[in-house]
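Written out below as structure tokens is the structure these notes cover.
Both ligands and their constituent atoms are indexed starting at 1 by order of listing.
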Amino acid sequence: MAFQLNDHVTYVGKIDWELRNFHGEEYSTHRGSSYNSYLVRDEKTVLIDTVWAPYAKEFVEKLKLEIDLKEIDYIVVNHGEIDHSGALPELLKEIPDTPIYCTANAVKSLKGHYHQDWNFKTVKTGDRLSLGNKELIFVEMAMMHWPDTMGCFLTGDNILFSNDVFGQHYASEVMYNDLVDEGELYQEALKYYANIITPFSKIADSKLKEIAKMNLPIQMICPSHGIIWRDNPMQIVETYAKWANNYQEDQVTILYDTMWNGTRRMAEAIAEGIRETDPAVVVKLYNMGRSDHTDVMAEVFKSKAIVVGSATVNKGILTSIAGMLEEIHGMSYKNKKAVAFGTYGWSGESVKIITERLAASGLTVIHEGLKAMWNPDDAAIEACKRMGEEVAKSL
Ligand code: FEO
């Protein structure tokens with residue numbers, strides 16, 4: 001799909017309505033995604049990013065309908081990950097000597113993926129590439145989210161091409177933020193931040209400040225996934241600044257897995273205790289054996305506290321909870337509270353294992369945890385409610 005952003009800039013990316021999983025099978029993309037690529041024409045012509053490898057041939061064929069490939073003077077690779085660089089091999093078969101502008105780290109990642117010695121031109125923050133009347137100003141954004149990540153700013157049109165940053169996995173036939181459902185857009189933008197950018201929030205915070213100091217008169221933000229921010233584009237920059245600073249809502253998320261519903265009954269009693277203590281707190285429960293882990297990570301991201309439960313099995317915990325704890329460990333959360341619970345039959349290690357893992361992940365454990373033998377009786381359910389009360393009071 002191609003469309004004009006203005007007289008000089010053409011969208012030449014791929015809208016992928018079919019995509020349901022990304023990063024292998026890791027990240028659910030219920031609303032599809034897009035791999036955004038942009039063609040900028042001035043006295044010189046530059047192609048900014050490409051698309052994921054399965055769409056490489058389609059991308060090159062459609063690009064030829066827009067321009068004679070030999071008229072592309074430069075290629076900018078803002079980030080070497082396959083979803084954006086995947087069409088380079090196909091494209092460079094036709095224009096092999098075209099200079100590729102990217103960071104030094106992107107040279108490493110591109111060579112690592114494709115094992116080609118292309119015509120790389122490395123750039124740093126503040127470097128400029130003249131296109132004639134306009135310039136591209138490069139902005140390194142290392143670890144937002146790969147070491148090679150960068151953006152570039154087109155003077156004159158005042159467009160920031162931000163690659164993954166400010167993106168969303170969201171397919172649409174109308175690619176502007178003022179034309180799509182705002183609730184859907186922000187749900188996908190937050191899920192993206194929560195799952196992709198959160199581990200690097202500290203870096204993101206300082207990078208956003210550094211970009212602000214560059215005083216770029218940003219009038220449009222074109223990410224490499226999803227919708228283009230043209231109506232008040234700084235809204236997503238300001239939202240990122242909030243998300244990067246230990247963002248929290250009045251929410252507690254309870255994640256659990258259960259074998260014979262005992263741990264589920266504990267989860268529900270804890271929720272009741274929270275609700276009765278503070279009705280203003282949003283409480284959400286997820287059986288992780290049945291829930292999408294990237295959706296739930298977005299809920300964890302928003303939460304002031306999480307409550308994590310598993311039955312004990314084979315002296316350990318259920319695999320869905322083990323997986324969630326692994327993801328939580330990688331997020332480097334700050335200022336988030338946590339507590340564990342679970343049922344057991346004879347040995348009962350789950351609460352200790354979960355508690356230790358939560359503490360090792362930097363969460364503040366606010367209670368020693370609660371375990372109930374076999375199916376919780378009335379006293380155990382009452383203890384769960386009291387623990388819920390303690391959680392609510394700790395927020
Ligand atoms: Fe969309 Fe990090 O690639």
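- Lys371 forms a cation-pi arrangement with Tyr344, by the criterion of a distance under 6.0 Å to the ring centre and an angle within 45° of the ring axis.
- When the N, O or S atoms of His145 are ranked by distance to atom 2 (Fe) of ligand 1, NE2 comes first.
- A donor-acceptor contact shorter than 3.5 Å links the side chain of Asp42 to the backbone of Lys134.
- Using a cut-off of 2.8 Å, one finds that His225 contributes an N/O/S atom close to atom 1 (Fe) of ligand 1.
- The distance between the ring centers of His84 and Tyr35 does not fall below 6.0 angstrom.
- Checked against atom 2 (Fe) of ligand 1, the N, O or S atom of Asp164 at the shortest distance is OD2.
- The minimum distance between atom 2 (Fe) of ligand 1 and any N, O or S atom of Glu81 involves atom OE1.
- Atom 1 (Fe) of ligand 1 forms the vertex of an angle spanning NE2 of His84 and OD2 of Asp83; to the nearest 10 degrees it equals 90°.
- In summary, the aromatic rings of Trp229 and Tyr186 are positioned with their centroids under 6.0 Å apart.
- Aromatic rings from His225 and Tyr170 are positioned such that their centres are separated by 6.0 Å or more.
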